[in-house]
Every structure is written in structure tokens, then in C-alpha cells.
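To start, the structure under review is shown below, and the notes come after it.
In the text below, chain A, chain B and the rest are named by the order of the sequence lines, each starting its count at 1.
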Protein chains: 2
Amino acid sequence: MIEKAHRIHHTQEYYFSKKLKEVALLKAAGREIYNLGIGSPDLLPDVSVLNAIQNAMTDAHAHQYQSYNGLPQFRTAITQFYQRHYGVSLDPATQVLPLMGSKEGLLHIALAFLDVGSKVLIPNPGYPTYDAVVKLVGGQTVYYELNDLWEIDFDALNAMDLSGVKLMFVNYPNMPTGKAASKALFEKLIAFGKSHQILIVNDNPYSFILQEQPLSILEIDGALEVALELNSLSKTFHMSGWRVGMVLGHSAYIDAILKVKSNMDSGMFYGIQMGAIAALNLPDSWFEEQQLIYRQRQALVYEIAEKLNCKINKENSGLFVWAQVSDAVDDVSKFIDYILYNYGVFCTPGCIFGSRGNRYIRLSLCMDCADLRLVLNKLTDFVYPTIEIDTGTYTDLH
Amino acid sequence: MIEKAHRIHHTQEYYFSKKLKEVALLKAAGREIYNLGIGSPDLLPDVSVLNAIQNAMTDAHAHQYQSYNGLPQFRTAITQFYQRHYGVSLDPATQVLPLMGSKEGLLHIALAFLDVGSKVLIPNPGYPTYDAVVKLVGGQTVYYELNDLWEIDFDALNAMDLSGVKLMFVNYPNMPTGKAASKALFEKLIAFGKSHQILIVNDNPYSFILQEQPLSILEIDGALEVALELNSLSKTFHMSGWRVGMVLGHSAYIDAILKVKSNMDSGMFYGIQMGAIAALNLPDSWFEEQQLIYRQRQALVYEIAEKLNCKINKENSGLFVWAQVSDAVDDVSKFIDYILYNYGVFCTPGCIFGSRGNRYIRLSLCMDCADLRLVLNKLTDFVYPTIEIDTGTYTDLH
């Protein structure tokens, strides 16, 4: 057998990939599992989106290779969306690149800007893929800890050794904590990027979920010089399976990313682009309806978190509730397994987002109110024992 | 501005990305251009494929994240396809991984198996993306020249310094030359891979185009130990824009690729998987109909090549005609531009596939017979002058 590359000796199979197999095995064994672990929006895209892809199937050239940078009308729909919702003006010809999900954009950006050994600032807690992608391309991860409000501590950041740092991943509204950025925080970030010549990449897929006023880092004066923004239709339009995202910023940066992308894939499926255009053009009323649904769910998930004796901050937003476990819990992974095996409810342990998440669990809003009420019901008499857990006949599924 | 990575100083924007912009500008300027340059199948997918994606839009979970390794029924459809058409038995659970086009698989494989400095054998002539992808991940390209029959010269290969060579890209049926492999050639390749512990990656998207008996490298005894195969629905089913491909081979290799892939994207859009299943299940009659169409086109493209005073080998197959220019042509790039600017016909210069393609042009079969006859007509009195070309008012478009 031929050996794998050293780079993937570091890389664990993405956590959800493994944990969801375990949950699937439990289901296959006949257990009813309520999965609050993954943020895969269960709501449906608007019917206009479905009509758009279905109708597109008979268009000329619908099945042929598409342009690497997408249909002009798709790029225009993106820049109009940015104008309407964030007040940001961008050139559809040069300052936006459609992506097959913002997740793939992380790798493109890493390949476009990092050399072997380049350092990258990554939030703790944060999305595990940032670290995985940096390591895949031979870069070096430098974690920065978010403070107790889950904001960036610029004093601590400036006190760090920043030599060799090329790039900084930022993610506001933040996953997993639900913290939103203020304009002042983005302003400080842009100033920080300029003074240290660090490319700031804001991963922004959550700004329409329970957010009164969506914010983009590109709203800040001079942001184009040192910042890129990733965005996605996954959460905003309940289209996670469609794989539609985008990167926005200075044309020189977009060009560099296009150089990578054009060497590794082709343009996005025409029908998906047409569906995405329909989504981007949805009226304000559509966003308001989704907010209403998520607001109701959030209230129930707060109750669930409280049943689990967790502390929560009700000022945060996003697609998840970030809940601090009680001091009585000594091992959060065991706590997670206890809930999974005894109550059939799966939550994500905060530790997978970094050490700052060690005392937290993440609960998703991607479940309808009826099911959330069932979960609440199951947990009515929830007690967490301080003794060793017996996972019984399920130990073989670990 | 923040500097790009050194790795993309090597990487040119993919040739077609730039050249097609030039062709698009000519079209925008009102010129009628017949594009024989790109292999984007113009024929339509079967109606069962369109029905499948349209119907899938209302299925439960159609719009949510999909599993990293695809729907079980999709993987089964792939392995059944391999059984039926190649006589190769594979385990759908572990020996196949769906890809968003086989092109993205090249990068996944490079990231999974190459370390910085690892050497990779790449065919000359060959698909330019092999080189680009190896350089993107910090690998080192070592070209091997195909012989005059466009086969692999094992004597020359064994005489090379093979230290540090980890991987070899092979592409039969070959693009751009149209040469098909014999079983004997694949046997020698597997033996070569085993004796030097080199992972052989056969890129196999063309085996159903003008091929009497499709061949897979996985048909060879012991192939799984040292070989992977990439395949694609793009050419076989006229679905290039859909971005559906796959990699097949030993579960340990597939696992390593999945580790990379699960860190950079998510599973394929459900509707696309459903359409792909419908395509893979098409009966033999469907393949025969497509062959008939391509056979008619091929005859006309042979005539076009002869009008351009090129030499061709009518025993080769695939989606292109590979044509050697006459000795009267001193600069093939100028020859290409002469045909483009004076006759409105675009062909691909062979040099972009490597030095062994310097005296060749590549003509695509992705044009219907009516248009091919128009091209033939335009070229009725084709003469190539031995003087300097005047591209007239179009020089600004270069």
C-alpha cells in the first residue's frame, strides 16, 4: 500500500462525519434520536427557488460546463443582495466569486494566500474546519481566545508574537457562541489587519438568523484593502444541501482565489445558480417569516438548555444556543453521551470548537417546535448522576 | 495589499478560462465564432435524468446537507455501473467516493498522498490540470513522454530517476490524443506501480465515447493495491455542468481521500445525486445512440482537419480529433489565431498539453453536424499564408 501524505496524519475525519455515523447506527438499531447536534436547516427553500431550478432544466446550455466565475446575472444578484441588506456596493464583474458552499472557499483562500509555514490566526472557540484547512496546506495555526463576551481581545492579540501571521479567520455572527459583531469590533479588526498586514477573512453565513440588522465586515471604510468576506445561502435560505456560497472583496484577492479555483473545479451547475438567484431576490417579508419561526424555536431550546441545568446568554443569536454546563458535570463528553444514550437527544460537545468550549454544549435550532416540545417532555425529570455512565449494549457503537 | 501565496505564482489561470474570455469578446463584438476548442458536450442528458432531479425537489431532506460519501443508492448505482460495463466488482460501502466532478478529485488525491517535494509522473501530452494541482500542493512534476502511438514507453520510464516519485497520473482513453489503452498496457502499469510503490491514478472520463469496449484499470488483477480510478458523468451522459464524478479503489485510499474531502466541502446536492442515479441506470441502447451521433460528427471533423492540411490517426477515439499540422506551419499559436480571426473557427493549440503537442491542434466533437458542415463550408478554400498574420482591429482583444 502507498502511504498517505503526512499532512493528513494531522487531519482527523471531520467530527460530524464520525459522530453522525454513531447516531445513524443508533437509529438503525431502532432508537429514536432527536438530533440537536448539526446545523442543517430543516425548513424548506421558498417555492420560487424550487420552481427556478426545475424550470432551468430545459434552458439552452443548462447541462454544459459553466463559467468559473458564474453567470453574470448570478453575480449581479449577489451584489444587489449585498447592497440591499448590508448597504455594501461591490462590482459584480470583479469583486465577487460564487463558491460551491463557503466551506470550499476556506481551502481556496488557504491555497491562494498561505505558504508552507505561514501562520494563521484562528478563533477559540471556532469552526474546526479553519484549523483543518490551514494544516492541509502546510500552514501553522495560532489560536486567539475570544473573551467572556466572545469578542476579540485586541490587547491580548497585540501582545502575541504576530511575526509570520498572514491571515486571520474571523466569524461573526460567531459559531458556536451566537455572538454578533458590533461595527466598532469590525472597525478595530480592519485597523488591526492594516497595521499588521494580515488578511482578515470574515466567515459570515449566520447574519440573517435572529439578527435584527445583518452586518458585513465590508461595510467598514477601507475594508477592501485587507478583508474578504465569505457568505452562504445555506442557513439564510435553508439551502445547505445546494452548496452555494460566495467570497467577496478586492478584485486582486478574488483573482488570486479564481486562479486556485479554476484549477480545481468548474463552474456551478446552471440550475443551482438559477435557484440561488431566486433566493437572493426574495422580499423582506420572507426573512421576517423565518425569523418568527426561529424565535419560537429559540424559546423552546432555551427551556431545553435550562432543563439540562445549563447557563445561557439570551442576547446571542444565530442558528444555535450555546449553553454552559453546570459545575456538577465533570466530563462534558460523558454528559453528551449520557443524554444521547438515556434520553435519545444528541447535542454537540463544545470542546470540538476548541478549549474555550470545554464547559459548553451547542444546541441547534434546526428542529420544529413539535419535536422540540417532545425533547422537552423527555427531559422533564432530567437528572445527571455523578456516577459512571453505563452505556449498556450500546458500547459497541462507540 | 496582502501578497498571494508563492504556490500560485506558478499557477496560471486555467488556459480555457482566459482563452474563452477572448472568444467571448469576439462574439460580443458581433463575430460569429464556431468553437471547436472546448469539450463541453452539447447533447442533452436523457429525459429520465431531468425528471429525476425535478421530482427530487419535493423529497424529504432534499435541501439539507448530504452525507460526505453520498447516498447509499448512489454509491450502489456506481458500483453496478462498474460491474455492468467494465466487469469490475467493488464494494459500494467502502470502495467508491462520489466527487463534484473528477477534476476536484485530482486536488483531493494530491492533498491525500503528496507531501511537499513529492514527485509525480505526468503525461506529455496531457491534461494541464495535473501539473497545476501538483504544484498547488507543493509537489514536483516529472513529465513522461508518450511515444508516437501515444502509449507509455516503459523502457524510458524505467530509465528515469524515479526516487521520490509517489504518484503517476495516467489518462486512458487519452486526452488530447484519443488513444485508448490495451489491457496489456494497464497490466504493465500495475506491475510498474507495484515494483516502484507508485500510486497509479487513471483518469477515465472518456471510455464511453467512440469506444467499442470501455476499459477500466481496475479490471487488472491486483490493481486495487496500487491504483485508483477517476470517472465522471460529464462526457458519458452529457452532464458536464452537473459536476458529478467519482473515485474508485481500495478502501484505505478512499478513506484518505474522504479525510481531505470532508474537511473542505459537504455532500453532493441530493437532486444531482438522483439525476446521476438515473443516468447510471440507462440501458445499452442509450449508449449506442450517442455513439452513432459521435461517429457522424467524427467523420466531419476528420474532413475539417484535412481541410486544415492536418494529419490524423483515424484509429483513435474520444471526444476530440488530435491533428498534426503540416510542415508549412511554423508557429501553431499563430495558425490557431489565423483560423480564429479569419474563419471564425476556434481550435485548441496542442502546446497547452505539453511539448509533445507542439505540432498538433485539438478539434472537439461537441458541435452538431449542421454546424460542422458550416465550418467545413467556411474552410472550403482554406489557405494558410506563410506571411505574418494581420489580426486587424482585433489585436486589442489579445
Side-chain angles (χ1 to χ4, degrees), chain A residues 1-2 4-8 11 13-14 17 38 40-42 44-45 50 53-54 57 62-66 68 100-101 103-104 106-107 111-116 129 132-133 136 138 166 197 199 225-226 238-243 250 252 256 258-260 262-266 269-272, chain B residues 1-2 4-8 11 13-14 17 38 40-42 44-45 50 53-54 57 62-66 68 100-101 103-104 106-107 111-116 129 132-133 136 138 166 197 199 225-226 238-243 250 252 256 258-260 262-266 269-272:
Chain A
M1 298 297 294
I2 284 105
K4 315 175 286 200
H6 287 101
R7 61 164 68 79
I8 65 166
T11 306
E13 193 180 344
Y14 190 56
S17 193
I38 196 164
S40 185
D42 58 307
L44 290 177
L50 308 192
I53 185 172
Q54 287 172 325
M57 289 301 108
H63 307 286
Q64 294 188 243
Y65 289 114
Q66 296 299 311
Y68 295 105
M100 298 185 196
K103 188 174 174 186
E104 72 151 16
L106 299 174
L107 183 67
L111 284 168
F113 295 100
L114 302 183
D115 291 305
V116 171
T129 301
V133 161
L136 262 186
K166 191 80 187 285
Q197 284 296 292
L199 183 65
E225 201 184 305
V226 290
H238 322 318
M239 292 167 68
S240 55
W242 287 54
R243 313 312 306 132
H250 196 291
L258 180 60
K259 265 193 188 163
V260 171
S262 68
N263 275 294
M264 64 168 282
D265 64 20
S266 286
F269 185 39
Y270 173 83
I272 289 183
Chain B
M1 297 298 293
I2 284 105
K4 317 176 284 201
H6 286 102
R7 63 163 69 77
I8 65 167
T11 305
E13 193 180 343
Y14 189 57
S17 192
I38 195 164
S40 185
D42 58 307
L44 290 178
L50 308 192
I53 185 172
Q54 287 172 326
M57 289 300 109
H63 307 285
Q64 295 187 243
Y65 289 114
Q66 297 298 312
Y68 294 106
M100 297 186 197
K103 187 174 174 187
E104 73 151 15
L106 300 174
L107 183 66
L111 284 168
F113 294 101
L114 302 183
D115 290 306
V116 172
T129 300
V133 162
L136 262 185
K166 190 81 187 284
Q197 283 297 293
L199 182 65
E225 202 185 305
V226 290
H238 323 316
M239 291 168 69
S240 56
W242 286 54
R243 312 313 305 132
H250 196 291
L258 180 60
K259 266 194 188 160
V260 170
S262 68
N263 276 294
M264 61 169 282
D265 64 20
S266 286
F269 186 39
Y270 174 83
I272 289 183

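For the set B:I272, B:V116, B:L106, B:L111, the entry with the most heavy-atom pairs within less than 4.5 Å of chain A is B:L111. Ranked by heavy-atom pairs under 4.5 Å with chain B, the first of A:Q66, A:H250, A:H238 is A:H250. Of the listed residues B:L114, B:L107, B:L50, B:D42, the one with more heavy-atom pairs under 4.5 angstrom with chain A than any other is B:L114. Heavy-atom pairs under 4.5 Å with chain A peak, among B:G101, B:S266, B:A256, at B:S266. Most heavy-atom pairs under 4.5 Å with chain A: of the set B:L44, B:I53, B:V133, this distinction falls to B:I53. Your options are B:A62, B:P45, B:G138, and the one with the most heavy-atom pairs under 4.5 Å with chain A is B:P45. For the set A:K166, A:M239, A:M100, the count of heavy-atom pairs under 4.5 angstrom toward chain B peaks at A:K166.
Between atom CG of residue B:L136 and atom CE of residue A:M264 there is a gap of 8.5 Å, rounded to the nearest 0.5 Å.
Taking the six-membered ring for Trp and thresholds of 30 and 60 degrees, A:W242 and B:H63 have nearly parallel ring planes, at less than 30 degrees apart.
The parts of A:L199 that come within reach of chain B are both its backbone and its side chain, each placing non-hydrogen atoms under 4.5 angstrom from that chain. For a residue to count as touching a neighbouring chain, one of its non-hydrogen atoms must lie under 4.5 Å from one of that chain's; by this rule A:V226 touches chain B with backbone and side chain alike. Heavy atoms closer than 4.5 Å to chain A are found in both the backbone and the side chain of B:M57.
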Chi angles and distances behind the side-chain contact (heavy atoms from CB on, under 4.5 Å) call for A:K259, B:K4: CA-CA 11 Å; A:K259 265 193 188 163; B:K4 317 176 284 201; 3.6 Å; yes
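A donor-acceptor contact shorter than 3.5 Å links the side chain of B:S40 to the backbone of A:Y65. In this structure, A:Q54 contributes its side chain and B:Q54 its backbone to a donor-acceptor pair below 3.5 Å.
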